[in-house]
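Note sheet for the following structure.
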There are 2 protein chains.
Amino acid sequence: MTETAPRPTLEAVAARAGVSRATVSRVVNGGDGVRDPLVERVRRAVDELGYVPNQAARSLVTKRHDAVAVVVAEPETRVFADPFFALQLRGISKELTAHDNQLVLLLTEGRDDHARVGRYLAGGHVDGALVFSLHLDDPLPGLIRRAGVPTVFGGRPGWSDGDGDSDGGDVVYVDSDNRGGARDAVRHLVGLGRTRVAHITGPLDQTSAADRLDGFRDVMPDADPRLVVPGDFTPAGGERAMRGLLDHCPDVDAVFAANDLTAAGALRVLREHGRRVPEDVAVIGFDDMLAVTEQTDPPLTTVRQDIEEMGRLMARLLLRGLDRRTAEVPGATRSGVVLPTTLVRRASA
Amino acid sequence: MTETAPRPTLEAVAARAGVSRATVSRVVNGGDGVRDPLVERVRRAVDELGYVPNQAARSLVTKRHDAVAVVVAEPETRVFADPFFALQLRGISKELTAHDNQLVLLLTEGRDDHARVGRYLAGGHVDGALVFSLHLDDPLPGLIRRAGVPTVFGGRPGWSDGDGDSDGGDVVYVDSDNRGGARDAVRHLVGLGRTRVAHITGPLDQTSAADRLDGFRDVMPDADPRLVVPGDFTPAGGERAMRGLLDHCPDVDAVFAANDLTAAGALRVLREHGRRVPEDVAVIGFDDMLAVTEQTDPPLTTVRQDIEEMGRLMARLLLRGLDRRTAEVPGATRSGVVLPTTLVRRASA
DNA sequence: TCGCCTTCCGAGAGCGCTCTCACGCCGGTC
DNA sequence: GACCGGCGTGAGAGCGCTCTCGGAAGGCGA
């Protein structure tokens with residue numbers, strides 16, 4: 001923990017280059033309006049001294065921080081028992097880095113933390129926030145909105161539809177096309193000639209789960225209600241649901257599971273019961289978590305979403321809102337952008 | 001993106017409370033040496049105005065940031081296709097939050113990024129760094145050391161042993177007891193009466209993999225060399241290794257796999273070949289990634305490490321080094337702390 | 001050649017905070 | 001009753017930067 005030598009200041013660079021502080025500042029910040037030879041001299045001085053601007057001093061006057069908060073609520077980190085979290089973060093990180101922004105990570109658990117996050121965001125320590133909050137009843141989005149910080153949500157927040165309140169801030173979010181992906185999956189099953197197609201849902205207080213159910217219903221508006229059974233995005237939930245399904249609808253010949261973990265559970269129960277996949281029952285998941293889809297027996301057909309791209313887009317959208325000279329985001333409406341999904345065919349359907 | 005009203009300053013609070021800036025500052029920072037009635041008045045003013053200190057201004061003079069960087073190298077995020085990353089981060093986050101520090105996340109990929117991270121750390125934007133870097137040849141640790149930022153490593157860096165160079169900074173790290181855990185696993189197999197115990201290693205340029213191999217050798221110093229086969233921490237690697245093992249040592253009766261994914265691959269090949277687990281071949285993994293260990297057939301016996309605690313300890317160690325009034329870390333040597341592992345018995349061994 | 005406009009650079013104020021220092025006031029001592 | 005010590009408070013400098021503004025220098029038309 002040795003103390004480092006005092007770092008060079010603008011003043012020092014100016015002295016060495018034989019110019020004023022202002023000129024050095026100009027060069028450091030782009031160098032417009034400074035004649036070439038001077039620019040050159042300043043650059044050299046900067047290099048020689050190893051000058052790095054003091055961000056605190058800069059923020060103090062510019063009121064910008066070049067930092068963005070990423071807020072992840074506790075339940076998410078649980079859900080993210082898969083590469084989801086890491087990938088999204090990676091996308092965000094790449095985009096932020098490309099625009100010289102730092103990523104401040106805020107993990108929350110429990111109500112107290114919400115207050116803390118609210119205070120932090122309201123405290124003006126960051127220029128904006130990227131927020132993950134899948135649950136309908138999550139107080140976080142409200143808090144954050146009130147904090148008055150530019151925000152982009154990951155996943156459609158529960159109240160973004162039909163809310164349209166007049167407090168100014170449009171809700172900006174990035175989501176993947178859960179509904180469309182679900183439709184593709186179910187259509188694929190129908191295309192396979194299946195007639196008794198079941199759906200194991202996710203927790204319906206999450207918009208992603210609700211949207212996938214909607215997609216299922218789009219294709220199967222008249223589905224036997226017993227073919228729609230609740231799950232919870234876990235393998236155990238998938239097992240439970242599948243058992244119930246086999247009990248009440250033994251003639252089921254296809255299952256669209258709300259996610260891959262659920263599908264994995266269902267697969268296990270099907271094998272237990274001697275049903276062949278996909279011959280007797282075809283199965284499709286959602287997410288394409290490789291750790292799961294490639295390891296199941298048989299390998300799982302599923303709906304893939306481009307997680308990393310979601311992260312990248314969130315960051316881009318936010319930065320755009322922050323009025324940086326950032327490339328326009330194609331397909332972005334005022335309220336958000338929905339990324340397409342693709343069906344990945346493996347052996348299970 | 002509405003502009004928020006200008007936030008109140010110390011000055012404003014002082015005016016409202018009828019005291020000087022200095023007094024408000026004192027109260028905000030603990031209130032020592034200020035008489036009670038005044039403290040009360042200041043507190044009220046702070047509340048009424050919703051005053052939040054401007055961190056930038058504060059940092060500018062204190063030269064502290066109450067922020068810590070977490071540096072994760074690209075290969076890690078790949079490895080972290082499991083809750084590892086999220087859990088560790090959670091532990092870190094909790095500890096930092098408890099001490100009012102922010103977490104700045106730095107994800108790197110490729111050489112350019114190394115330079116960027118080096119610059120950032122050297123730039124004095126954070127008080128310290130937590131670094132994950134498992135590979136022996138990673139240039140990151142060196143860069144970071146040179147940046148002169150207090151650092152704690154996650155996982156023993158390759159060069160921490162026998163290096164003992166004189167550049168001042170002792171290498172502080174937190175790791176789990178890979179070697180001891182491996183010993184426990186292998187001893188368990190031996191205790192089961194197995195005599196032909198194989199080991200599928202991880203990539204040996206990672207200290208965790210090397211340590212696990214060492215642990216294996218501790219118990220089986222005279223193992224048939226053909227029983228030690230290379231893997232790469234992936235299921236595919238596990239499959240490949242297991243196939244080779246069955247080819248060359250068909251009498252193998254136990255496998256200690258370097259991690260759970262590897263074990264999952266091995267398990268699949270064993271089933272393919274009609275070997276019963278654990279009757280014919282007992283299998284043990286490492287990590288206890290629940291998504292894997294509870295899903296394999298049969299459920300995997302494995303060595304568990306307390307990931308979240310690792311993260312928490314890293315943060316605590318760093319904060320301690322930063323000379324905050326932080327609780328002492330029991331069992332921490334100057335160079336780091338090694339957390340115990342526990343054998344979790346399931347059905348596979 | 002003169003004046004005017006443009007371009008480039010430097011002086012200086014000030015962002016919001018901390019912290020040192022000096023001063024005022026109090027009680028206690030001789 | 002004069003003096004001293006200590007505690008509590010305020011004044012003010014200054015952290016390192018940006019940015020406005022004014023002045024110097026140079027180019028061009030008349």
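Numbered from 1 within each chain, the chains take letters A, B, ... in sequence-line order.
In this entry the distance linking CG of Leu10(A) with P of dC15(D) reads 13 Å, nearest Å. In this entry the distance linking NE2 of His65(A) with C1' of dC17(D) reads 14 Å, nearest Å. The interatomic distance linking Asp66(A) (CG) with dT18(D) (C1') rounds to 14 Å, in whole Å. Rounded to whole angstrom, the span from the OH atom of Tyr51(A) across to the P atom of dG16(D) amounts to 10 Å. What separates CG of Asp32(B) from C1' of dG6(D) is a distance of 17 Å, to the nearest Å. For the pair Arg64(B) CZ and dC19(C) P, the computed distance is 9 Å after rounding to whole Å. We find that CD of Glu11(B) is positioned 12 Å from C1' of dA11(D), with the value rounded to whole Å. For the pair Asp36(A) CG and dT7(C) P, the interatomic distance rounds to 15 Å; values are reported in whole Å.
Regarding contacts with the backbone of dG8(D), every side-chain N or O of Arg35(B) stays at 4.0 angstrom or more from both OP1 and OP2. Residue Asn29(A) has a polar side-chain atom (N or O) positioned under 4.0 Å from OP1 or OP2 of dT18(D). The side chain of Lys63(A) places no N or O atom within less than 4.0 Å of a non-bridging phosphate oxygen (OP1 or OP2) of dT18(D). For dT18(C), the OP1/OP2 oxygens have a side-chain nitrogen or oxygen of Ser25(B) closer than 4.0 Å. Distances shown here put a side-chain N or O of Thr23(A) below 4.0 Å from the OP1 or OP2 atom of dG10(C). Neither OP1 nor OP2 of dG16(C) sits under 4.0 Å from any side-chain N or O of Thr9(B).
Ser25(A) contributes no side-chain N or O that, together with a main-chain N or O of Arg21(A), makes up a donor-acceptor pair within less than 3.5 Å.
Looking at Arg7(B), its side chain has no donor and acceptor atom pair within 3.5 Å of the base of dG16(C). Between the base of dG8(D) and the side chain of Arg26(B) there is no donor-acceptor pair shorter than 3.5 Å. Side-chain N/O atoms of Arg21(A) and base N/O atoms of dT18(D) include a donor-acceptor pair closer than 3.5 Å.
Salt-bridge check for Arg43(A) with Glu40(A): failed, with every basic side-chain N at 4.0 Å or more from each acidic carboxylate O. Taking the charged nitrogens against the carboxylate oxygens, Asp47(B) and Arg44(B) have no contact shorter than 4.0 Å, which rules out a salt bridge.
Two residues, Gly33(B) and Ala57(A), neighbour DNA chain D, and the one matched to the more 5' nucleotide by heavy-atom proximity is Gly33(B).
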Step-by-step side chain to side chain contact (heavy atoms under 4.5 Å, CB included) determination, Leu10(B) to Tyr51(B): CA-CA 8 Å; Leu10(B) 251 203; Tyr51(B) 170 75; 3.6 Å; yes

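Checked against dG16(D), dC19(C), dT18(D), the side chain of Arg58(A) finds its nearest nucleotide in dT18(D). Set against dG16(D), dC9(C), dA11(D), the side chain of Ala22(B) has dA11(D) as its closest nucleotide.
Of all the heavy atoms in Leu107(A) and Arg90(B), the pair that sits closest is CD2-CA, 3.8 Å.
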